[in-house]
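Here the structure is a predicted model, which means the values were calculated and not measured. Whatever order the structure lists them in is the order used to number ligands and atoms, beginning at 1. Computed over heavy atoms, backbone and side chain alike; hydrogens, waters and symmetry mates excluded.
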Amino acid sequence: MSQIATVRSPSNIAFIKYWGAKDLKKAIPVNPSISMTLDACYSRCSVEHLQDDSSEHEIFWRQGEGGFEEAPPAFAVRVRHHLDTLRQITGCGGRFRVATENSFPAAAGMASSASGFSALTLATLGALGIEMPVDQQSALARLSGSGSASRSVLGGYVEWPRSGPGQGGAEHYAFQLADAEAWPLANIIALVQTGPKDTSSLDGHRRARTSPYWRTRQRRLPSRLAAVRKAIEQRDFALLGPVVEAEAIDLHCVAMTSHPPVFYWQPATLTVLEAVRRLRADGVAAWSTMDAGANVHVICEPQDADAVAQCLQGLEGVERVMRDGVGGGPVREEEHLL
Ligand code: DP6
């Protein structure tokens with residue numbers, strides 16, 4: 001007898017970033033982060049639980065239009081490791097078959113681990129028939145090693161971590177600041193690099209403290225966190241935008257001045273940043289942010305989304321423009337990938 005569950009989980013874009021860990025293995029961050037859960041950028045994951053444990057977990061993925069194929073070793077190792085963690089924590093036996101796909105290019109600073117590990121965690125719990133409070137789901141997603149996955153189990157605007165014990169004893173879990181309906185912001189994404197990036201976020205976290213700029217960013221964070229929380233509470237885009245852009249630039253300054261340095265930006269990243277500054281000079285309130293990658297997420301209010309998308313479309317080096325916005329969080333699906 002086997003049981004299968006499928007979950008579609010969105011990615012998220014951080015307004016205040018997770019960069020640097022107290023415990024990287026358990027993804028316990030140095031500073032709180034705040035993100036907006038996305039809608040059109042998501043991972044879909046089916047997990048089948050088999051009672052026999054005669055062989056290893058089987059991991060399949062699909063990229064683009066092709067069929068499902070065995071996932072490459074580096075990715076499969078991370079997935080297997082997380083499945084083993086979940087098996088240990090839930091005390092279940094057996095093994096898993098997994099199939100996963102993304103609606104957007106993976107591993108290019110598009111938080112594919114966030115949506116992927118959130119979907120994997122929730123689908124595994126579904127296949128095991130285990131229900132638990134969202135605090136615990138978030139803490140389990142975090143144990144994948146992808147800290148940002150802990151934010152993707154919730155919709156709307158999300159902060160992570162709350163470090164006291166949550167429901168069921170969960171620690172370092174994410175919580176919702178406002179739901180998606182409360183503030184329908186748009187995110188227009190300029191894809192300038194769709195292939196994998198050279199340095200993983202994990203390596204970036206490891207190197208973060210070697211930057212002479214690390215302390216400066218840490219000192220700035222309390223007031224920035226307060227401003228972002230207030231902006232979300234009061235739906236104040238004029239307060240939010242400048243903080244989000246300055247924070248993203250700071251993160252990349254830390255990365256570029258780490259030892260050894262990490263350069264995520266491509267020439268077209270700068271082209272997009274410049275275009276967004278020009279948009280603002282022309283009266284369009286749009287602000288840029290980048291995760292650990294070259295692609296630029298331009299945050300704006302819905303009435304400006306067309307103008308932003310049009311501007312980004314024609315820029316040199318921009319391969320594709322994706323329109324996204326705040327989303328409601330993960331959903332169970334009835335159609336399975338396996
Ligand atoms: C720059 O360790 O969560 O996106 O697993 O690759 O998504 P992935 O990375 P993770 O670090 C995220 C780094 C970040 C900032 C953020 O999302 O908070």
Among S148, A27, G145, closest by any non-hydrogen atom to atom 12 (C) of ligand 1: S148
Of M290, R78, R142, R151, which has the heavy atom at the shortest distance from atom 17 (O) of ligand 1? R151
If we only count N/O pairs under 3.5 Å, is [X] in contact with ligand 1?
X	value
S33	no
K17	no
N12	no
L251	no
W19	no

Restricting to pairs with a member in residues 73-95, which pass salt bridge (charged side-chain N to carboxylate O under 4.0 Å, His left out), not counting sequence neighbours? D52-R95, E56-R80, E58-R95, D84-R87
I'd like to check which ligand 1 atoms, numbered from 1 as shown, lie under 4.0 Å from a non-hydrogen atom of A292. 1 (C)
Step by step, would you call K17 with E247 a salt bridge (charged side-chain N to carboxylate O under 4.0 Å, His left out)? CA-CA 8 Å; K17 316 282 184 186; E247 157 62 2; over 6 Å; no
Counting only heavy atoms not in H336 (residues, nucleotides, ligands), do more than 12 fall under 6.0 Å from its NE2? yes
T90: side-chain contact (heavy atoms from CB on, under 4.5 Å) partners, not counting sequence neighbours: C92, L125, L128, I130
Counting N and O atoms only, with roles assigned by atom type, does the side chain of R209 sit under 3.5 Å from a partner on the main chain of R206, one being a donor and the other an acceptor? no
Quick look: A14 vs ligand 1, heavy-atom contacts under 4.0 Å, and the answer is side chain
Would you say the side chains of S43 and S115 form a donor-acceptor pair under 3.5 Å? yes
Measure across A307 and L279 and return the closest heavy-atom pair with its distance rounded to 0.1 Å. O-CD2, 4.4 Å
